[in-house]
2 protein chains.
Amino acid sequence: MMQPALTKNQSLVFDVLERSDAPLSAYTILDKLRDNGFRAPLQVYRALDKLTEFGMVHRLESLNAFVACAHRESECCGAKSAHGGHGHGTVAFAICDSCGHVFEFHDHTVDHRLDDWSKSKGFKPAKTTIEIRGVCAKCAA
Amino acid sequence: MMQPALTKNQSLVFDVLERSDAPLSAYTILDKLRDNGFRAPLQVYRALDKLTEFGMVHRLESLNAFVACAHRESECCGAKSAHGGHGHGTVAFAICDSCGHVFEFHDHTVDHRLDDWSKSKGFKPAKTTIEIRGVCAKCAA
DNA sequence: ATTGTCTTGTTATGTTATTACATCAATTGC
DNA sequence: GCAATTGATGTAATAACATAACAAGACAAT
Ligand SMILES: [Zn+2]
Ligand SMILES: [Zn+2]
Ligand SMILES: [Zn+2]
Ligand SMILES: [Zn+2]
């Protein structure tokens, strides 16, 4: 999917996420945007839905929170989605429970193994979630 | 962790989950146990916490729901937790969005790759979530 | 019996997400 | 120009998921 120019609300939500160094819940985003005219959760959820669809934002299922995509094209094997944009395949997250920092990475072997399992069972995967909760190097020190 | 005998509430919750062929939310479990004297969410959540701790129940993060463990010791490489009981390491789930059936499996290679990533970054993993949402063979047919 | 620990019951509250409906703006076809 | 369509927005109400706080009961160890 090619991503069109962002609407006003989408831009506001994305900017908030990009400036944050930890995942934010939809309601936290809402609070941060009250001064910009946001009054209801739906304004946030609608923007998040689109941004997620564009691949610019990821939802962290184990946290019920959202992060701006931190995928680095350069340090990646080149796994892309069929979509346009900077899209990517399955991505994994390591989430520090101490400082909240999220590391986004891609592992081709992991993808491949999960694909193999799916193929062997005739399971048709649509979306895969991989999240490692733990403590980052800095916080563990 | 060795698992002690289950308490009354823990048994009731576990039985409900074991009889179900799809994941159940805490509130659905609550409804099913009204006739057994359950009146409040906390009665369910407390039991679920313990059952999860014992490794008898898993929480599906992408669904906010719970399943009884379907781990087959026999078809497993032998990855065990340090705990007693039938404990296991990281397990993956394939969840059919059509019929709700959940396939629980373990892939040693995947575990190993994620461990490698953690080690390389000095990240200390505590709990890993792997969930594949899609459509099962039966439903895709 | 007293203490400590674990489980339970109950009420209230907090947090996350969606439904329903009205409105507004940009685009397309005539 | 002027419908008709489509997509974005605003607002209120509600649903769904989860925890805090406190009281009371069960049970074992001393
Ligand atoms: Zn990304
Ligand atoms: Zn950290
Ligand atoms: Zn299991
Ligand atoms: Zn199915």
Side-chain angles (χ1 to χ4, degrees), chain A residues 1-17 20 22-54 56-67 95 97 100 127 129 131 133, chain B residues 1-17 20 22-54 56-67 95 97 100 127 129 131 133:
Chain A
M1 132 180 346
M2 189 50 214
Q3 94 200 38
L6 298 184
T7 68
K8 183 159 175 286
N9 285 1
Q10 288 159 15
S11 290
L12 287 166
V13 168
F14 183 69
D15 285 353
V16 166
L17 278 176
S20 172
L24 299 176
S25 77
Y27 280 77
T28 300
I29 297 170
L30 175 57
D31 284 341
K32 288 181 185 294
L33 290 176
R34 296 253 181 225
D35 293 345
N36 295 275
F38 275 51
R39 325 244 86 221
L42 209 50
Q43 295 175 281
V44 178
Y45 281 109
R46 288 202 271 230
L48 287 172
D49 280 352
K50 286 298 184 186
L51 291 168
T52 300
E53 190 181 318
F54 301 156
M56 299 171 68
V57 162
H58 300 291
R59 174 183 169 84
L60 300 176
E61 300 290 352
S62 70
L63 237 43
N64 294 328
F66 303 83
V67 282
I95 303 163
D97 288 329
K127 176 162 195 297
T129 297
E131 296 177 15
R133 300 283 294 271
Chain B
M1 135 156 350
M2 188 53 213
Q3 93 200 39
L6 298 183
T7 68
K8 183 159 176 284
N9 285 1
Q10 287 160 14
S11 289
L12 286 167
V13 168
F14 184 68
D15 286 353
V16 166
L17 278 176
S20 172
L24 299 176
S25 76
Y27 278 76
T28 302
I29 296 171
L30 174 57
D31 284 341
K32 288 182 185 294
L33 289 176
R34 296 250 182 227
D35 293 346
N36 295 274
F38 274 52
R39 323 246 49 148
L42 213 50
Q43 296 175 281
V44 178
Y45 281 110
R46 288 203 270 230
L48 287 172
D49 281 351
K50 286 297 184 184
L51 292 168
T52 300
E53 190 181 318
F54 300 156
M56 300 173 67
V57 162
H58 300 292
R59 174 184 170 85
L60 300 176
E61 300 289 353
S62 70
L63 238 42
N64 294 328
F66 302 83
V67 283
I95 303 163
D97 287 330
K127 176 161 196 297
T129 297
E131 296 177 17
R133 300 283 295 269

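Quick note: numbers below take in every heavy atom, side chains included, and nothing from hydrogens, waters or symmetry partners. All values reported here derive from a predicted model rather than from experimental measurement.
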Can you check the [X] [atom1] to [N] [atom2] distance for me, whole Å?
X        : N       : atom1 : atom2 : answer
Asn9(A)  : dA25(C) : CG    : P     : 14 Å
Leu51(B) : dT7(C)  : CG    : P     : 11 Å
Glu61(A) : dC17(D) : CD    : C1'   : 14 Å
Asp49(A) : dA17(C) : CG    : P     : 10 Å
Phe38(A) : dG10(D) : CZ    : P     : 7 Å
Leu63(A) : dT15(C) : CG    : P     : 15 Å
Lys50(B) : dT7(C)  : NZ    : C1'   : 9 Å
Leu60(A) : dT16(C) : CG    : P     : 13 Å

Interatomic spacing from CZ in Phe14(B) to CZ in Phe66(B) - rounded to 0.5 Å: 14.5 Å

Interatomic spacing from CD in Gln10(B) to CZ in Arg46(B) - rounded to 0.5 Å: 11.0 Å

Hey, is the side chain of [X] poking within less than 4.0 Å of OP1 or OP2 on [N], counting only N and O atoms?
X        : N       : value
Lys8(B)  : dA26(D) : no
Arg59(A) : dA17(C) : yes
Asn64(B) : dA18(D) : yes

Close residues, residues 39-48 of chain B, relative to DNA chain C [heavy-atom separation under 4.0 Å]: Arg39(B), Ala40(B), Leu42(B), Gln43(B), Arg46(B)

Glu61(A)/Arg59(A) salt bridge by N-O under 4.0 Å criterion: yes

Intermediate values then yes/no, side-chain contact (heavy atoms from CB on, under 4.5 Å), Leu48(B) and Leu17(B): CA-CA 10 Å; Leu48(B) 287 172; Leu17(B) 278 176; 3.9 Å; yes

Within the 4.5 Å heavy-atom criterion, are [X] and [Y] side-chain neighbours or not?
X        : Y        : answer
Leu6(B)  : Leu51(B) : yes
Leu33(B) : Gln43(B) : no
Glu53(B) : Asp49(B) : no
Val13(A) : Phe38(A) : yes
Asn9(B)  : Lys50(B) : no

Selection: residues 24-32 of chain A, any non-hydrogen atom under 4.0 Å of DNA chain D: none

